[in-house]
Amino acid sequence: MSGGATPMMAQYLALRGEAGDCLLFYRMGDFFELFFDDARQASQILDIALTTRGEHLGQPIPMCGVPVHSAESYLARLIKAGCRVAIAEQVETPAEAKQRGGSKALVARDIVRFVTAGTLTEEALLEPRRANVLAAVCEMRGLVGIAACDISTGRMELEECAPDRLGAALARLGASEIVAPEGWEAMPEGAIARPARGFASDSGEARLKAIHGVATLDGFGLFTRTMLAAAGGLVAYLEHVGRGSLPLLLPPEARAGNAALAMDAATRASLEILEAAQGGRKGSLIDAIDRCVTGAGARQLAEDLSAPLTGAHAIAERLELVAWLHEDGLLRESLRAALRALPDLGRALGRVVAGRGSPRDLGQLRDGLAGARALHDRLGGRGDLPLLLARLLPALAGHGALVDRYDRALVPAPPTERGQGGFIAEGYDAALDELRRIAGNARRAIAALEAKYRDQTGVATLKIKHNNVLGYFVEVPARHADKLMAPDSGFSHRQTMAGAMRFNALALHAEASRITEAGAHALAAEDAHFEELVTMAIAARQAIAQTAAALARIDVAAGQAERAAEGGWARPEIRDEPCLAIEGGRHPVVEAALAAAGERFVANDCRLAPEDRLWLIGGPNMGGKSTFLRQNALIVLLAQAGGFVPAQAATIGLVDRLFSRVGASDNLARGRSTFMVEMVETAAILSQATERSFVILDEVGRGTSTYDGLALAWAVAEAVHETNRCRCLFATHYHELARLAETCEALSLHHVRAREWKGDLVLLHELADGPADRSYGLAVARLAGVPAKVIARARAVLEKLEKGRAQTGGLAAGLGDLPLFAAAFEAREEACDGLRERLRGLDLDALSPREALDMLYELKREAGTDP
Ligand code: ADP
């Protein structure tokens with residue numbers, strides 16, 4: 001690429017234009033090369049050398065490259081770093097190019113696909129235990145449609161929600177890539193803008209019908225126009241990144257808005273469900289409970305935890321299966337051993353349907369389906385199958401013809417490379433066997449030739465060798481070459497090496513041609529078989545996906561049963577009333593961390609009911625308040641996900657929405673005003689929590705001054721009690737809030753116990769009834785290693801303050817007289833205050849008579865007294 005716009009440069013720049021905001025991988029021989037800014041960016045992310053090549057417009061062109069054979073690992077790193085990559089391949093051979101355009105012709109190149117975070121199928125680029133979700137969102141007539149799919153397994157889901165629920169829905173999906181119509185004001189953060197015309201319900205519907213070969217989508221579920229518009233955007237994007245070819249897509253499922261326990265992004269983050277606060281899986285809920293033995297099981301569990309159920313019936317079905325497997329340890333163990341041996345059926349199918357399957361993937365389909373069938377036969381004989389399992393069972397069988405064919409067609413362990421052949425089994429195709437026999441005979445004949453030539457020439461060191469350039473040849477040390485150089489020797493000279501000479505021989509050439517020819521035919525035959533086997537898998541894709549899903553569901557249940565057996569967990573009882581009774585509840589993550597340090601977790605009870613639904617929890621810092629709050633939220637979540645819970649016993653009244661909020665100072669790392677964040681999140685709870693919701697509030701109000709904080713905490717607790725009427729655990733260090741118990745009849749006081757013993761603070765982590773007696777702040781400070789001198793000084797200051805408090809009635813003096821919950825009254829007062837502010841701000845002397853009159857009208861309107 002030298003000088004101005006060489007043909008190659010022109011080709012490159014055209015492809016670069018097509019690649020848009022993706023990096024362009026430009027194939028040159030055995031390398032993918034990147035140029036210009038792409039090269040700068042990629043070399044930095046990949047930490048590879050940035051060089052230059054030729055020049056463009058008088059400037060050297062920055063360049064870097066990655067070898068084609070190891071491109072996947074580089075792609076993985078670029079994708080992780082948030083890049084998208086367009087792959088430009090050579091779409092003809094150099095020979096074809098010459099034939100087409102003469103000796104100087106440039107090999108044609110084209111973008112064959114885009115590699116993006118949400119559209120991966122390669123095993124090496126995917127995390128086995130995590131779904132990889134691509135989502136398309138758009139808005140239509142005041143509603144938001146969401147289409148989500150995991151193309152590595154083909155699952156697709158459509159839903160619709162109010163715009164203010166979009167954040168929560170996206171948080172549930174945890175998509176690695178989101179696309180949305182360009183120009184949409186409510187574009188989610190980080191979304192990729194796509195042409196708006198793709199997001200049309202008509203084309204969405206038409207595409208789905210075409211993909212699944214149906215005349216109507218009714219058989220799959222009820223889909224709204226908004227859902228279909230999002231589906232249209234999704235399919236259009238998939239077509240774009242696949243350059244017209246579509247990956248595996250299973251029939252869409254409609255997700256009902258209220259089928260899952262609603263949790264917003266803040267709640268998910270604060271409960272650390274799939275990811276710990278500091279990032280990564282370690283320290284998260286799923287990390288502490290996942291005992292699945294397959295990647296598909298782990299992905300299903302993650303989904304279950306992201307979207308726990310709200311229907312008692314569906315939860316009961318899952319629980320019954322877990323209980324069944326919990327009871328029978330032997331059965332569970334043997335099932336898990338069988339599952340562990342199975343390949344990842346769903347993802348192998350995804351690759352095969354996407355046209356990127358290998359013989360090994362076909363082998364995985366065969367082994368996975370055969371394994372499923374074996375499970376089916378083992379379980380089918382039992383008379384005590386739980387309902388859910390009985391329903392899943394048929395999906396495990398039914399691939400007899402396919403497995404049989406694959407069994408006959410494929411060798412036991414097919415290779416990952418399709419091009420080399422060798423994956424079709426002996427005895428499957430007589431013609432192929434014959435070709436292989438010919439090649440084999442020729443190889444044997446060549447081996448025999450070596451002995452014959454040695455005899456004939458008398459050169460004992462003569463050898464027949466093979467390389468990719470010459471094919472088969474005869475080699476002798478240079479000092480013996482004369483005999484073979486003789487004109488009538490029957491050998492013809494091919495190459496002179498240092499110390500050796502290479503020759504051809506007629507008989508050798510004949511046998512070698514036989515090998516080559518038979519080999520090429522054999523390869524072509526294997527290739528044809530491969531296509532045929534792939535076609536069979538594609539035709540059965542839905543049934544195979546169902547088998548994969550059934551296996552995953554069984555693995556999840558067996559894993560939950562295993563975890564329950566390991567930790568002495570209980571089967572929760574699910575009720576359809578707003579209660580929550582947990583005996584001996586534990587926090588699985590904190591318990592595991594303590595166990596690792598050889599410490600014991602103190603189990604605690606929680607009993608919420610309509611007449612006692614708000615627990616105010618005090619006690620010293622580090623006393624275990626947050627842990628208690630979260631363990632109860634997690635127990636609800638685990639129960640509604642259909643699993644056992646870390647408790648001695650639990651009765652869970654179904655929860656529609658779960659909220660978890662932590663006072664701001666725990667989140668100082670975040671950029672925005674943390675107190676602002678805390679208040680935005682609290683506002684969301686107050687506007688959304690229902691009588692069926694469960695809310696945990698941890699030190700709300702902590703992020704601001706003492707008076708502000710106390711006032712807000714007070715008002716929030718009151719509102720939760722009076723207006724939302726949800727079940728709520730409220731941890732606070734404001735003693736003053738205890739006075740709420742006098743006026744709020746469904747609020748009760750609790751505290752985590754602590755004791756001072758010989759001047760040391762002992763945190764018991766035990767929950768007790770009644771208000772906290774004191775805060776132990778100084779004792780905690782001492783525990784934390786604050787110097788004794790400072791503690792002594794603090795004690796002196798504290799005494800002074802407490803004396804003052806005794807005299808004045810303290811921080812909350814006068815709060816007892818506050819009229820309670822006079823919402824209407826408060827609102828009116830606030831409006832009036834607004835008016836007062838306006839009046840106070842008016843400069844009467846600066847107003848013209850006309851302006852004064854206008855102002856009077858406006859104020860009157862604002863005061864709401866205008867008719
Ligand atoms: P708080 O919210 O009251 O400040 P935390 O809930 O953050 O306290 O707990 C502080 C630490 O105490 C935890 O990290 C854990 O090590 C320990 N802890 C909390 N609850 C328990 C418990 N029930 N049993 C044993 N240790 C606990």
Side-chain angles (χ1 to χ4, degrees), residues 269-272 276-278 282-285 287-288 567-570 582-607 615-635 638 645-650 660-669 678 695-703 709 713 717 728-735 737-738 749-757 760-786:
S270 120
L271 291 178
E272 303 177 279
Q278 64 271 30
K282 211 170 154 24
S284 65
L285 173 68
D287 191 48
W569 292 14
I582 293 164
E583 264 172 56
R586 286 167 281 150
H587 190 303
V589 179
V590 175
E591 186 180 25
L594 288 174
E599 285 172 51
R600 226 174 50 80
F601 189 91
V602 181
N604 279 307
D605 300 350
C606 176
R607 289 173 314 275
W615 276 23
L616 209 56
I617 299 161
N621 255 325
M622 293 300 286
K625 299 185 294 297
S626 309
T627 307
F628 178 71
L629 261 50
R630 279 159 218 245
Q631 82 191 27
N632 290 301
L634 293 180
I635 285 171
L638 287 169
V645 297
Q648 258 158 32
S660 168
R661 289 302 183 274
V662 184
S665 59
D666 269 6
N667 298 334
L668 278 179
E678 179 186 335
V695 174
I696 61 175
L697 290 165
D698 195 355
E699 300 275 10
V700 160
R702 175 165 54 178
C728 176
L729 300 176
F730 195 118
T732 181
H733 65 275
Y734 294 119
H735 296 290
L737 287 189
L749 303 175
H750 307 262
H751 65 279
V752 285
R753 291 184 58 207
R755 212 182 288 145
E756 269 192 275
W757 194 70
D760 275 337
L761 180 71
V762 185
L763 300 168
L764 300 173
H765 302 122
E766 203 180 284
L767 205 80
D769 291 343
D773 48 353
R774 37 189 293 219
S775 72
Y776 298 99
L778 299 190
V780 172
R782 211 178 109 133
L783 202 65
V786 174

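Note that ligands are numbered from 1 as they come in the structure, with each ligand's atoms numbered from 1 the same way. All of these numbers come straight from a predicted model, not from anything done at the bench. Quick note: residue numbers are just sequence positions, from 1.
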Any N/O pair L594/ligand 1 closer than 3.5 Å:
no

Does N604 form a side chain to side chain contact (heavy atoms under 4.5 Å, CB included) with Q631? I'd like the steps, not just the answer.
CA-CA 9 Å; N604 279 307; Q631 82 191 27; 4.1 Å; yes

With respect to G623, determine whether any N or O atom, backbone or side chain, lies less than 3.5 Å from an N or O atom of ligand 1.
yes

Say you draw a straight line from CZ of F628 to CG of L729; how long is it, rounded to the nearest 0.5 Å?
5.5 Å

From atom 23 (N) of ligand 1, is the closest protein heavy-atom distance below 4.0 Å?
yes

Give the residue and atom name of whichever protein heavy atom lies nearest to atom 15 (C) of ligand 1, and the separation in Å to one decimal.
V590 CG1, 3.9 Å

Looking at H751, K625, E766, the heavy atom closest to atom 3 (O) of ligand 1 belongs to K625

pair H733-N621: side-chain heavy atoms closer than 4.5 Å:
no

D698, any N or O under 3.5 Å of ligand 1 N or O:
no

On a heavy-atom basis, the closest approach of W569 and V645 is CB-O, 3.1 Å

Residue portion contacting ligand 1 (non-hydrogen atoms closer than 4.0 Å) for A731:
neither

Of all the non-hydrogen atoms in the protein, which one sits nearest to atom 12 (O) of ligand 1, and at what distance?
H765 NE2, 3.1 Å

Taking distance alone, with no angle check, do M622 and ligand 1 share an N/O pair under 3.5 Å?
yes

Output the list of atoms in ligand 1 that are nearer than 4.0 Å to some heavy atom of P620, sorted by atom number.
3 (O)

Kindly list each side-chain donor-acceptor pair under 3.5 angstrom involving residues 589-599, sequence neighbours excluded, with atom names and distances?
unit_1 : atom_1 : unit_2 : atom_2 : d
E591   : OE1    : R586   : NH1    : 3.4
E591   : OE2    : R586   : NH1    : 3.0

Can you name the nearest heavy-atom pair linking G623 to V752, along with the distance?
O-CB, 3.5 Å

With a cut-off of 4.0 Å, which atoms of ligand 1 are near a heavy atom of N621?
4 (O)

Only counting residues at least two apart or in another chain, list the ones meeting salt bridge (charged side-chain N to carboxylate O under 4.0 Å, His left out) with E583.
none

Note: K625 and A731 closest approach over all heavy atoms is CB-CB, 4.0 Å

Heavy-atom contacts under 4.0 Å between R600 and ligand 1: side chain, backbone, both, or neither?
backbone

Who's the nearest protein heavy-atom neighbour of atom 2 (O) of ligand 1, and how far?
S626 OG, 2.6 Å

Atom pair OG1 (T732) and CD (E699), whose distance is rounded to the nearest 0.5 Å
5.5 Å

Minimum heavy-atom distance between L616 and L737, given as atom pair plus value:
CD2-O, 3.5 Å

Taking only heavy atoms of G624, which atoms of ligand 1 are found under 4.0 Å from at least one of them?
1 (P), 3 (O), 5 (P), 6 (O), 8 (O), 9 (O), 19 (C), 20 (N)

Which residue and atom name correspond to the protein heavy atom nearest atom 19 (C) of ligand 1, and how close is it?
T627 OG1, 3.3 Å

